[in-house]
Number of protein chains: 2
Amino acid sequence: MATQLEPAVPREGTGRKKLLAAALDLFAERGVSGTSLQMIADALGVTKAAVYYHYKTKDDIVLAVVNPAIEELAVIASEAERKRSRAAQVETVLVGIIDLIVRNRSLYAVLQGDLAVAHVLSEHGAFPELSNRIMALLVGPDPDPGTIVAASILLSGLGEAGFGPRVADIGDEELRGHMLGCARRLLRHRRPSAATP
Amino acid sequence: MATQLEPAVPREGTGRKKLLAAALDLFAERGVSGTSLQMIADALGVTKAAVYYHYKTKDDIVLAVVNPAIEELAVIASEAERKRSRAAQVETVLVGIIDLIVRNRSLYAVLQGDLAVAHVLSEHGAFPELSNRIMALLVGPDPDPGTIVAASILLSGLGEAGFGPRVADIGDEELRGHMLGCARRLLRHRRPSAATP
DNA sequence: GTCTATAGATAGATAGAC
DNA sequence: GTCTATCTATCTATAGAC
């Protein structure tokens, strides 16, 4: 099930949990490259060495912060790929991703907006492939350039907009609805020649 | 006039021009915080000290890279604010920004996607105010949350999508058209109660 | 599990020769 | 204008005491 009630990265907890929450806040505010282990340690009120006890490298912290979102995305993609109709595939991806974004607004922005994260993921994980799967689900087979542009704008825009200050005071329920509306307006324009079976 | 034939940051030139072009490439690929002055110097085949001859600080380089785009944005905003009808204001902003993005795809992504750039601009410039002006032109007075969400998605999405690898092989003319289509689809949904005079 | 201490590398930045 | 040389601060990361 893709829809959960808790955010992917808990705001409170002990040890690693608090560390990841603090790191996420800093990553979202200053960027991964702009965040030092010293800042993370200071935010927790501990020393750098204490941080290194939990994670061996900075990359490990980045991966640990971002991993819950990636796993949820993988679940969403698999769920969507099991649907038979194109419309159901698109709908499953949209509802799943928007729910993920709204539930944890800064995490998705860090995941897809930070170049340092992209760099780490391209080395340590299979995220590019997952990203391609999701894009393929959105645009379908043999997409025209217009659909590719629309889907690119949508995926980037949703992630960044969810974290932006202008939507900060919009409630989860309402934001979800508006984002879904935007997504459908963007993707549903003219149907190509082939009909959906 | 907002539409120019040359990109805002020239690809070739001498001295400062080449420096800014190299810096932009690195900023777009690794992020500002992930780019050291040594990398910029190496890209030019010179030493760090040679870079410091042209610009006193790293922030100065960031500002110099991003400044042409900001100036163009200011021209677009002023041009749009002179229009009398809301529709003309929106159209002027959309055409101007999309032209700017397409003409120099990585520059706008760095300008609005990099947290380090945002940090520098909030200290050294009046970019937040300009950003608010453009947003206000897009959403109009007393915007409903749905319009704010749509405009946020649009502005973030256009910038990031213009630089993305998926649209890299789409020509300028065609990309411009698709982006304009997406923008109009996103912003033009239901009209509020007030009619446009 | 958290600390001190420190290594080793690299960051941004400066002085002054050429 | 571009260089060598160097400074200081900070970075990631490790070793080992408590």
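In the text below, chain A, chain B and the rest are named by the order of the sequence lines, each starting its count at 1.
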Please enumerate all protein N or O atoms sitting under 3.5 Å from an N or O of nucleotides 5-11 of chain C, with distances to 0.1 Å.
unit_1, atom_1, unit_2, atom_2, d
C:dA11, OP1, B:Ser36, OG, 3.2

*Audit row: B:Arg30, B:Met39, side-chain contact (heavy atoms from CB on, under 4.5 Å) steps and yes/no*: CA-CA 10 Å; B:Arg30 325 246 332 187; B:Met39 296 178 192; 4.3 Å; yes
_Inter- and intrachain pairs under side chain to side chain donor-acceptor pair (under 3.5 Å), touching residues 113-130 of chain B, at least two apart_ = none
_Between B:Arg176 (side chain only) and B:Val102 (backbone N and O only), is there a donor and an acceptor less than 3.5 Å apart?_
no
*Determine yes or no for a side-chain-to-main-chain donor-acceptor pair under 3.5 angstrom, with B:Glu160 supplying the side chain and A:Ser156 the backbone.*
no
*Enumerate the residues from residues 26-33 of chain B whose closest heavy atom to DNA chain C is under 4.0 Å, giving them by residue number; use none for an empty result.*
none
*Residue pairs, two or more places apart or on separate chains, that pass salt bridge (charged side-chain N to carboxylate O under 4.0 Å, His left out) and touch residues 45-68 of chain A*: none
*Does OP1 or OP2 of C:dC3 have a side-chain N or O of A:Thr47 closer than 4.0 Å?*
yes
*Does B:Tyr53 put a side-chain nitrogen or oxygen below 4.0 Å from OP1 or OP2 of D:dG1?*
yes
_For A:Leu94 and A:Leu138: C-alpha separation, side-chain torsions, deciding distance, then whether side-chain contact (heavy atoms from CB on, under 4.5 Å) applies._
CA-CA 8 Å; A:Leu94 289 183; A:Leu138 275 187; 3.9 Å; yes
Result block: side-chain N/O donor-acceptor pairs under 3.5 angstrom for residues 165-172 of chain B, not counting sequence neighbours:
unit_1, atom_1, unit_2, atom_2, d
B:Arg166, NH1, A:Asn132, OD1, 2.9
B:Arg166, NH2, A:Ser131, OG, 3.4
B:Asp172, OD1, B:Arg105, NH2, 2.7

*Tell me, please, which residues at least two apart from B:Leu158 pass side chain to side chain contact (heavy atoms under 4.5 Å, CB included).*
A:Ile153, B:Ile98, B:Ile101, B:Leu154, B:Met179
